[in-house]
Amino acid sequence: MNQYCTPVYISTSPIVKDISTYGTPTHANIPLDEISDEFYKFLEKFNLTLLLAELFYNPPRKISRIHVDALGGDYSKINFVYGGEKSLMCWYSANPSIVKDQIDYTMINTRSVDYAPDEVTLLHRQTIHSPSIVQVGIPHNIINAAKPRWCLSLVPIDINTKKRITFQQTIEIFKDLVPPAGLEPAKF
């Protein structure tokens, strides 16, 4: 298992609408009341709830901006990907001389820090199985292939503290739903 992304077996659908009803905005906030009751019940079994649900759309052959979520650190999301076969998610380290002190705001008014391609070094890239637990507190982006790609990206938080959880905490919480190394989620 790598430290950037791991598939997770979740059979409960997270949304009540068909993904196509959201259209093709590059980045959209999904109201939390459009998350299915079944998915909330699933999360509650693990003492989790959601802080944010957002939808990203990438048209064919698009490379998204390199960024960290919030101000960076160690944050996880649960991503459900629709379409975008053969697209890659990439993770980077900031080059040693790069110090970022500018906070950017996304189209839905969430914070991020953006990087230029020459400010980072590639650490890892892989095709994302859906759903997957992904690390979003370090620089990352998507390289989309020939088909449109939607990604419903969910921010889990501890139900009691209301704090975001780290990548490793998320893996530990869902350990019984993470397939053994080398086994595809569909075979799990």
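The figures here come from the full heavy-atom set of this structure, side chains too, leaving out hydrogens, waters and symmetry mates. Positions are given from 1 along the sequence.
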**OP:** Look at the side chain of Thr12 and the backbone N and O of Phe39, then say whether any donor-acceptor pair between them is shorter than 3.5 Å.
**Re:**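 No.
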Original post:
Atom OG1 in Thr166, atom OH in Tyr75: separation rounded to 0.5 Å?
Top reply: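 Interatomic distance, Thr166 OG1 to Tyr75 OH, rounded to 0.5 Å: 11.0 Å.
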Return a table of donor-acceptor pairs under 3.5 angstrom between the side chains of residues 149-158 and protein atoms on other chains or two or more places apart.
| unit_1 | atom_1 | unit_2 | atom_2 | d |
| --- | --- | --- | --- | --- |
| Arg149 | NE | Ser87 | OG | 3.1 |
| Trp150 | NE1 | Gly23 | O | 2.8 |
| Ser153 | OG | Asn79 | OD1 | 2.7 |
| Asp158 | OD1 | Asn160 | N | 2.7 |
| Asp158 | OD1 | Thr161 | N | 2.8 |
| Asp158 | OD1 | Thr161 | OG1 | 3.4 |

Original post:
Judged by modelled atom types alone, do Gln126 and Asn2 share a side-chain donor-acceptor pair under 3.5 Å?
Top reply: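 Per modelled atom types, Gln126 and Asn2 side chains form a pair under 3.5 Å.
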Subject >> Residue pair Pro7 / Pro131, side-chain heavy-atom distance below 4.5 Å >> reply: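 In short, these two side chains do not touch, never coming nearer than 4.5 Å.
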**OP:** Drop me the distance from Glu34's CD to Lys17's NZ, to the nearest 0.5 angstrom.
**Re:**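 Atom-to-atom, Glu34:CD and Lys17:NZ are 4.0 Å apart.
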**OP:** For Ser97 and Asn95, test the side chains for any donor-to-acceptor distance below 3.5 angstrom and give the result as yes or no.
**Re:**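 No, no side-chain donor-acceptor contact under 3.5 Å.
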Original post:
Mind checking whether His124 and Trp91 have ring centres under 6.0 Å apart?
Top reply: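 Between His124 and Trp91, the centre distance is under 6.0 Å.
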Original post:
Is it true that Leu88 and Val81 fall in one hydrophobic cluster, defined by side-chain heavy atoms closer than 4.5 Å?
Top reply: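 No: no chain of side-chain contacts under 4.5 Å links Leu88 to Val81.
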Original post:
Is Val16 reachable from Tyr40 through a run of hydrophobic residues whose side-chain heavy atoms are each under 4.5 Å from the next?
Top reply: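 They do not share one cluster, since no chain of ILVMFWY contacts under 4.5 Å joins Tyr40 to Val16.
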**OP:** Can you see which heavy atom on Gln135 is nearest to which on Gln3, and at what distance?
**Re:**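 Looking at all heavy atoms of both residues, the closest pair is CB-O, 3.9 Å.
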**OP:** Please assess Lys163 against Leu51 for the test side-chain contact (heavy atoms from CB on, under 4.5 Å), listing each intermediate value before the final yes or no.
**Re:** CA-CA 9 Å; Lys163 291 186 179 179; Leu51 173 66; over 6 Å; no
Original post:
What residue pairs, at least two apart or across chains, pass salt bridge (Lys or Arg N to Asp or Glu O under 4.0 Å) with a residue in residues 100-118?
Top reply: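 Output for this query lists Arg65-Asp114, Lys100-Glu119.
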Original post:
Has the side chain of Ser112 got a donor or acceptor atom that lies under 3.5 Å from a matching backbone atom of Tyr105?
Top reply: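 Here the side-chain-to-backbone pair does not exist.
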Original post:
Can His27 and Glu54 be counted as having a side-chain donor-acceptor contact under 3.5 angstrom?
Top reply: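 A pair is found: one side chain offers a donor N or O, the other an acceptor, under 3.5 Å apart.
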Original post:
Hey, what do you get for OG (Ser76) to CD1 (Ile165), rounding to the nearest 0.5 Å?
Top reply: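 Between Ser76 OG and Ile165 CD1, I get 4.5 Å after rounding to 0.5 Å.
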Original post:
Same hydrophobic cluster for Ile10 and Ile15, using side-chain heavy-atom links shorter than 4.5 Å among ILVMFWY?
Top reply: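 Yes, one cluster joins them.
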Original post:
Do Tyr92 and Asn141 meet the criterion of a side-chain donor-acceptor pair at a distance under 3.5 Å?
Top reply: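 Their side chains do contain a donor-acceptor pair, which is all the 3.5 Å distance test asks for.
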Original post:
Would you say Leu71 has more than 12 foreign heavy atoms packed within less than 6.0 Å of its CG?
Top reply: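 Result for CG/Leu71: enclosed.
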Original post:
Would one find more than 12 heavy atoms of other residues, nucleotides or ligands at under 6.0 Å from atom NZ of Lys162?
Top reply: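 Counting neighbours around NZ of Lys162, more than 12 heavy atoms of other residues, nucleotides or ligands fall under 6.0 Å, so yes.
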Original post:
How close do Val68 and Pro139 get, heavy atom to heavy atom, and via which atoms?
Top reply: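 Shortest heavy-atom contact: CG1-N, 3.1 Å.
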Subject >> Between CG on residue Asp74 and CD1 on residue Ile138, distance to nearest 0.5 Å >> reply: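 Between atom CG of Asp74 and atom CD1 of Ile138 there are 9.0 Å.
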Original post:
Quick one: CD1 on Ile128 to SG on Cys5, what's the gap to the nearest 0.5 Å?
Top reply: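 Taking CD1 in Ile128 and SG in Cys5, the distance rounds to 3.5 Å.
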Subject >> CA sep, side-chain torsions, deciding dist, call: Lys175, Glu172, salt bridge (charged side-chain N to carboxylate O under 4.0 Å, His left out) >> reply: CA-CA 5 Å; Lys175 67 182 176 217; Glu172 181 60 29; 2.9 Å; yes
Original post:
side chain to side chain contact (heavy atoms under 4.5 Å, CB included) with Ser64: which of Thr26, Asn144, Ile142?
Top reply: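 When side chain to side chain contact (heavy atoms under 4.5 Å, CB included) is applied between Ser64 and each of Thr26, Asn144, Ile142, only Ile142 qualifies.
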Subject >> Nearest-0.5 Å distance, CD1 of residue Ile78 to CG of residue Leu48 >> reply: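 Reported value, rounded in 0.5 Å steps: 7.0 Å.
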Original post:
Hey, does the side chain of Ser132 reach the backbone of Val134 with a donor-acceptor pair shorter than 3.5 angstrom?
Top reply: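 No, because the side chain of Ser132 does not come within donor-acceptor range (under 3.5 Å) of the backbone of Val134.
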Original post:
With a 4.5 Å limit on heavy-atom distance, are the side chains of Ile98 and Val120 in contact?
Top reply: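 Not in contact.
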Original post:
Heavy atoms, side chains only, cut-off 4.5 Å: are Leu32 and Leu50 in contact?
Top reply: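 Leu32 reaches Leu50 side chain to side chain.
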Original post:
Looking at Asp69 and Lys77, does any basic side-chain N land under 4.0 Å from a carboxylate oxygen?
Top reply: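 A salt bridge is present here (some side-chain N lies under 4.0 Å from a carboxylate O).
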Subject >> Pairs involving residues 155-175, ordered by first then second residue, that meet ring pair (Phe, Tyr, Trp, His ring centres under 6.0 Å) (sequence neighbours left out) >> reply: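 Qualifying pairs: Phe42-Phe174, Phe46-Phe174.
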Original post:
Donor-acceptor pair, Ser36 side chain versus Ser13 backbone, under 3.5 Å?
Top reply: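 Such a contact is found between Ser36 side chain and Ser13 backbone.
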**OP:** Would you confirm whether His140, through its side chain, and His67, through its main-chain N or O, come within 3.5 Å as a donor-acceptor pair?
**Re:**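 Judged by distance alone, yes, a pair lies under 3.5 Å.
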Subject >> Cluster overlap Val136 with Phe56, hydrophobic side-chain contacts below 4.5 Å >> reply: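 No, Val136 and Phe56 fall in different hydrophobic clusters.
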Original post:
Cluster question for you: counting only ILVMFWY and a side-chain heavy-atom cut-off of under 4.5 Å, with indirect links fine, are Tyr82 and Tyr57 together?
Top reply: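 Yes, Tyr82 and Tyr57 fall within the same hydrophobic cluster.
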